[in-house]
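I have placed the structure first, in the form of structure tokens, so that the comments after it can refer back to it.
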Amino acid sequence: METVNILVINSGRNVAQKYLSDLRNAGIPAHGINAADADDVAEHLNEDEVDLVLFTVDPPSIPLEQVMIMLRETGSDAAVIVLGSSGDHNQCLSAMRAGARAFIDQEQISLLQFIVRKEIDDLSTRRALQRVEQRLDESETRCRSFMDRSTDAITYIQDGMHIYANQAYLEMFGMKGGDELYGIPVMDVVADEDQGTFKQFFKAYQKGKSGENSLELHGMGANGASFPARFELYPARFDGENCTLLLIRNEGQSRELQEKIQFLSNQDPLTGLMNRHSFMRDLEKMLDSPDVDASQFTLVYMELDDFREYTEAQGIEAGDRLLVAFSETLRDLCGKCDEIARFGNHEFVVLSQNRANIEVHELASQLLGAAKKMDTEGTRDFLPSVSIGIAFRGKRVANSQEFLSRAITACNSALADGGDRLEVYDPLGNRGIDSAGETRYLSLLQAALSRNQFRLVYQPIVSLQGGGSEFYAVLLRMPDDKGQFLAADSFVPVAEENALIHLVDRWVVKHSAVALAEQHRAGRPMSFFIKVSVDTLRSGDFVDWIRQQLISQRLPPDSLILQLRDSEVINRLQETDQFIKDLHKIGCRFALDQHGSSADTQKLASNLPLDFLKLDGTLALVNDNSRGGDTVDTLRDLNAVAHDRNILTIAKSVEDANVLAPLWNIGVDYIQGYFLQEPTESLSYDFSMMAG
């Protein structure tokens, strides 16, 4: 969730800070702006981007009606929430009449948090709609400009009547201008013998019953003579209203012009790249082809950041130059086997085949850097950048629309994080929790956080080579409404979806530090492996907060080992690298979890300053005769890469003694799994049993 700018209208600054603190405690990234009088309100509305307004009735520092007028005058779309006394019905009625979105008792903080979240979602939807409408208007303007320059005869028709036509159309049918054209039936340009046919075709097209959009007829030329022509119909908009575009092609044209029209129907006229329609047609053909391995495809979806603001400030022509520059960047960096298309106004897409996933990731990273070097012709206050979403086809994508949707989802995620970044779609992110299940888990999460009901369990991590330190993996459990304890995998996705994961992670770290300190004071200097979410990394003070926990509990810093899954790290290499370095500065260590599950992530051990590598659980199945050889080779390679960089390795999911000998021969340092002990609340494992 992006930072929300909230204007609090109240005469007391302490009151405003209290509300903002309550919102932040609920995981809402609120930035507060306090206004004590009308002058303050006017100044902030004119100078700051206000997303939401909190108006306190008691004491009123400015009439609510005046605030609503000021919002309208400044064009602000911020919703107003009034805080008052629920028992005062006159206050509530007056607030709603004035235009407030909600009236809340000032003591009902939980309701305030709920309403603020809802209003943030509504604001996001409204602004997304505004962007869509702006893009539609830009497309309509560009379409009309292209139409006016076109040598093809094109007109807009509505209710069977002409409403606008380009010069080529006027010349084809001997019309002098728009005034003469307006109100003339489209039937007047069709030869008499074909009018009945065209009328039936046009009606069928408008009702969606025609499988074709073109028909060969005879037009009635300016000299009164008929000529063979192709009539083509397309849905369109004119002055904000739906209409039909009619393109008439004289079949007597030269072959060169015919080839040009064919080219334009498949290519984007501005950039020369493949257009959206042509790209989707080719994509569907390739995915459906029995001769092509569709699992080898990767889709890269890109959107130029802040393009609308740039064109508003610099003009459409400047925007066109930027689009052309980016298309040339794509041509320079992509290979011959990559399909490149302009997919929307400032959206582009690349379909890559037979590239390794890590190669696609490197290509996208190069595009991020190259975008910043594009020439904006001396515009000093604008640095071009691009947001990129990557989707790997895999085996589970049903069709081209789902494939595309995954890439767009990843791109939108990059945009939501501020743009100028790339995101890889994670198919494991959706755990199949329906809305009712999510609501239940959310309620349980909030209860566990507020009532301190989580429980920590521990699983030993034991040296396979003899000696070694005493390590435990810390695992989180949450009570459900039936008295059972749920594993973290069942509720962590809900915590991430509802911006609660950073609170959950801090709960785990804090209580782990307390438990660990007790063991150290008892003379057992052990260390804990603690999972955190990649979203928690974005909290700028997280490492400093960890340092404070170490100080308060008097713990040696290296006794805390933070860990992330490699699937979370692959598209956040720079962010993770900095996080690890910050941890090392305060003396903590870092582990990469579930490593080696795919070829994409197997290079991470060579690129990050790791202390431990926790190998993917499936790799412990080295005793499986059906695939033991391949698994052993993969595990040996991963272990060798880690040891070359002085990284200790841990094999997870060790279930029985049969795998110990192969793991020992490979040189794996530590093991974890039910063979040693199931997760328990006890920290009493006898590590001497595996010594020697």
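Atom set for the values below is all heavy atoms of this structure, side chains included, hydrogens, waters and symmetry mates excluded.
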Is there a donor-acceptor contact under 3.5 Å from the side chain of E339 to the main chain of L351? no
Stepwise side chain to side chain contact (heavy atoms under 4.5 Å, CB included) check, F348 with L323: CA-CA 10 Å; F348 296 79; L323 293 172; 4.0 Å; yes
M220 and V189: CA distance, side-chain angles, deciding distance, side chain to side chain contact (heavy atoms under 4.5 Å, CB included) verdict: CA-CA 5 Å; M220 184 63 68; V189 303; 5.6 Å; no
Taken to the nearest 0.5 Å, the spacing of D51 CG from L123 CG works out to 5.5 Å
Apply side-chain hydrogen bond (donor to acceptor under 3.5 Å, both in side chains) to T409 and R406, showing your working. CA-CA 5 Å; T409 297; R406 290 187 171 197; over 6 Å; no
Straight-line distance of T329 OG1 to K372 NZ, nearest 0.5 Å: 12.5 Å
Check whether more than 12 heavy atoms from other residues, nucleotides or ligands sit under 6.0 Å from atom CG of D159, and answer yes or no. no
Taking the inter-plane angle between the rings of F307 and H346 on a 0 to 90° scale, is it parallel (under 30°), tilted (30 to 60°) or perpendicular (over 60°)? parallel
So do the side chains of V50 and N5 get within less than 4.5 Å of each other, counting heavy atoms only? no
V349 vs V300, side chain to side chain contact (heavy atoms under 4.5 Å, CB included): CA-CA, chis, key distance, verdict: CA-CA 6 Å; V349 64; V300 183; over 6 Å; no
Would you call E65-R97 a salt bridge at under 4.0 Å N-O? no
Are E241 and R237 within salt-bridge range, i.e. N to O under 4.0 Å? no
Can you see whether Y234 engages E232 through a side-chain donor-acceptor pair at a distance of less than 3.5 angstrom? yes
Rounded distance [0.5 Å steps], CZ in F202 versus CG in L246: 8.0 Å
Mind checking whether F227 and F173 have parallel, tilted or perpendicular rings, split at 30° and 60°? tilted
Non-hydrogen side-chain atoms of L64 and V80 separated by less than 4.5 Å: yes
Quick one: does M274's side chain get under 4.5 Å of I340's, heavy atoms only? no
Does atom CD of E193 have more than 12 heavy-atom neighbours, drawn from other residues, nucleotides or ligands, at distances under 6.0 Å? yes
Is it true that the side chains of N345 and R308 contain a donor and an acceptor less than 3.5 Å apart? no
When rounded to the nearest 0.5 angstrom, what distance separates OG in S76 from NE2 in H44? 13.0 Å
Polar side chain donor-acceptor pair, R230 to S214, under 3.5 angstrom: yes
Do the side chains of E328 and R321 get close enough for a salt bridge, i.e. N-O under 4.0 angstrom? no
Taking 4.0 angstrom as the limit, do R127 and D77 come out as a salt bridge? yes
How long is the span from the CZ atom in R342 to the CZ atom in F326, to the nearest 0.5 Å? 12.0 Å
Between E119 and R117, does any side-chain N to carboxylate O distance fall below 4.0 Å? no
Measuring only between side-chain heavy atoms, which start at C-beta, is F201 closer than 4.5 Å to L217? no
Given 3.5 Å as the limit, does a donor-acceptor pair link the side chain of N275 with the main chain of S278, or not? yes
Check this for me, if you would: do D122 and K118 make a salt bridge, where the nitrogen-to-carboxylate-oxygen distance has to be below 4.0 angstrom? yes
Atom CZ of residue position F114 - does it have more than 12 heavy atoms of other residues, nucleotides or ligands inside 6.0 Å? no
I'd like to know if the side chain of H31 reaches the main chain of T3, judged simply by a donor and an acceptor atom lying under 3.5 Å from each other, with no hydrogens or angles considered. no
At their closest point, which heavy atom of S226 faces which heavy atom of A191, and how far apart are they? CB-CB, 4.1 Å
Strictly distance-based, threshold 3.5 Å: is any side-chain N or O of S124 a donor or acceptor partner for the main-chain N or O of I120? no
Pick from L333, L422, I388: which one makes a side chain to side chain contact (heavy atoms under 4.5 Å, CB included) with L363? L333
If I take atom CZ from residue F198 and atom CG from residue L233, how far apart are they, to the nearest 0.5 angstrom? 5.5 Å
For E317, does the CD atom have more than 12 heavy-atom neighbours from other residues, nucleotides or ligands under 6.0 Å away? no
